[in-house]
Amino acid sequence: MTKAGIRLDTGGATDNSGGLNPIVGVAREDLIGAVGVLLRETAGRPVKTLKHVAAFNGELVKIVTGRSELEPGPKDKRFADTAWRTNPLYKAGMQYYLAVQKGVAGWLDDVEFDELERARANFVTGMILDSLAPSNSLLGNPSAIKKAFETGGGSLLKGLKNAYDDLTQNDGIVSQVDKRPFKVGENLAVSPGSVIYRTEMMELIQYQPTTETVHQTPLMIIPPQINKAYVNDLSPDKSMVRFLVSSGFQVFLVSWRNPTKEQAHWGLGDYVESLIEATDVVRSVTGSAKINVSGACSGGITTATLLSRLAAEKDDRIGAVSMMVCVLDPDATDSEAGALVSKHGIEMARQRSAKKGILEGASLSRTFAWLRPNDLVWNYVINNYLHGEDPPPFDVLFWNNDSTNLTATLHSDYLRVYEDQPFRNPGQVELAGHKVDLTKVTQDLFVVAGVTDHITPWKACYRLTQLIGSPKVDFVLSQAGHIQALLNPPGNPKAKYFHSATRPPPSIDDWMQKAAEEKAGSWWPFWKDWLAERSGPLRAPPKGLGSKKHRPMEAAPGLYVFD
């Protein structure tokens, strides 16, 4: 990449599955409506439909006579087994499936959908076709058949056991990770520290400094309310906390409690009040008038609301701000899946969580998985059930499956971000007890997004740079997905990111083509230097954790990560 423009490697098929935020979900009625549009177009435009049926039939003749040249994409792992190329029956089955994919794609391109209808049609047909792949069935998967013969049927028995375990112990969700090697507090979340403050809603953890001097201005990390806070201190080689502490920063981490229906009334305003409370504690313990903050994903929405609230009250306790993989003004055009979000779907989602008092973590996990069905559903169906293998142990997926609930009120507040667009309409929408206005927020801002992020699409994250009044804004685009964009420690030879020396312009195309430059390696060292410039002078580290008023309690990662 040069100043002439960026070429982004989007990682293939995994990025065509959209970026719908799982907080909203997809209503069954909206899926049915999208299918209805497809049926309407099929019946209403018979000439075009017949044209593509004829083309499909022509391809079938080539398949039957062995003249078809259809082949899977080089990154399509479903058809990696040699039998798909050497066995005539399997080859024909694969080519038939590819012909269906090709025919449907050609038909969708030819039909006169509007932009929203086309996005919905692409998403729905993609989900349907992914489920119909021959590799998803035992008889249609040559590697599963081979495995069954090699093990004398043992793989089938193990696969049945895996399926039964998922039905009875994993909320019916196919397992994505072998959890047995991991234990929080033993080989995950092991950076030394202590809880120094606890409320019904959150714990505040202070981490032990490891350097001879520390920066005067502390950093408080605000995690999402979805999943557990220890993603910031995962395995030692991926720990953002460890990296920051070893770089001379005083690090504090908010750990949210996993709510139950008894806490259904907790809303965004309550979470913002908790953060104000936490900043009071951090300032008291460190003696620093200002603190820097970092918020990610839904925690970024909470952070942005906090900044707006403090700006409205002319409270300048916050110094520099980092916002990571965070979308503040979601739009249906951000992704094909996002096109399925409707007012009706939002209201249905609100009613479901209000009835239960919470949006259950299992429901969130299920929605996450179905945003990328080939990677996060069918891949594991084949591995776990058809091959009878255990899913691989992977710390990121272990954390990802350690989901938490959202309170019904917080869920409703987050849905209002979709409905009312408070951040896009400064000073017009009341949220968390005040009219949101990020144009009054003037702190230096560091924004991170991921090229292959299917949860918070990077172009939607980019818009954050234009919503805020900060005169100094740095935007970093990491060549990674949603979590890997955050857990991006130095040492990966393939890592790279894009950054511009000037404030990001309103036009994304201008940033890509004229401003952004490619940088080799992890963005963490760059962020470290950026943060150091905004963290005050160096001083001796504190002699102990906490203070007389806020004495250390349980060791990090605290109690709430185990709820």
Side-chain angles (χ1 to χ4, degrees), residues 7-20 26 30-80 84-85 88-137 140 332-340 370-375 377-379 452 454 457:
R7 294 186 63 187
L8 298 178
D9 177 10
T10 58
T14 60
D15 306 297
N16 296 327
S17 51
L20 174 66
V26 181
D30 291 331
L31 286 172
I32 293 171
V35 173
V37 170
L38 293 171
L39 295 176
R40 181 198 72 197
E41 291 300 320
T42 302
R45 305 180 188 277
V47 175
K48 286 186 177 181
T49 300
L50 289 173
K51 181 183 74 173
H52 289 282
V53 169
F56 174 72
N57 288 336
E59 190 64 46
L60 286 186
V61 172
K62 292 181 181 180
I63 292 172
V64 172
T65 57
R67 294 182 292 111
S68 175
E69 297 181 356
L70 288 177
E71 293 183 355
K75 294 184 179 181
D76 194 337
K77 298 177 182 179
R78 296 173 296 179
F79 304 110
W84 293 112
R85 295 181 294 277
L89 186 61
Y90 280 119
K91 183 177 181 180
M94 175 191 69
Q95 290 183 326
Y96 177 84
Y97 173 73
L98 296 176
V100 172
Q101 277 191 317
K102 179 182 177 182
V104 170
W107 175 72
L108 289 176
D109 287 341
D110 204 16
V111 173
E112 295 177 1
F113 288 126
D114 62 35
E115 185 178 359
L116 189 60
E117 288 179 333
R118 186 174 303 282
R120 289 177 171 177
N122 283 330
F123 182 74
V124 170
T125 56
M127 285 188 68
I128 294 171
L129 291 176
D130 285 346
S131 69
L132 295 176
S135 54
N136 295 338
S137 66
T333 61
D334 289 335
S335 67
E336 291 174 355
L340 284 171
W370 282 103
L371 291 180
R372 293 169 56 192
N374 268 343
D375 291 337
V377 178
W378 300 116
N379 174 52
T452 58
H454 67 289

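Numbering of residues begins at 1 and proceeds along the displayed sequence.
Between the CG atom of Asn136 and the CZ atom of Arg78 there is a distance of 7.5 Å, given to the nearest 0.5 Å. For the atom pair NZ of Lys62 and CD of Glu69, the computed distance is 7.0 Å after rounding to the nearest 0.5 Å. Taken from CG in Asn122 to CG in Leu129, the straight-line distance is 10.5 Å, to the nearest 0.5 Å. For the atom pair Asp375 CG and His454 NE2, the distance stands at 8.5 Å (nearest 0.5 Å).
Within the structure, ring pair (Phe, Tyr, Trp, His ring centres under 6.0 Å) pairs that include any residue of residues 56-78 comprise Phe56-Tyr96 (at least two apart or interchain). Pairs of residues two or more places apart, or lying in two chains, that qualify as side chain to side chain donor-acceptor pair (under 3.5 Å) and include a residue from residues 123-133 are Asp130-Asn374.
Side-chain contact between Ser135 and Trp84 is present, with heavy atoms from C-beta onward closer than 4.5 Å.
Each of Ile63, Val61, Leu60 was checked for a side chain to side chain contact (heavy atoms under 4.5 Å, CB included) with Ser68, and the lone residue meeting it is Ile63.
In plain terms, the two heavy atoms of Lys102 and Glu59 that are nearest each other are NZ-OE1, 4.2 Å. When every heavy atom of Gly93 is checked against every heavy atom of Pro134, the shortest pair comes out as O-CG, 4.3 Å.
Residues that satisfy the ring-ring contact (aromatic ring centres under 6.0 Å, His included) test with Tyr97, not counting sequence neighbours, are absent from this structure.
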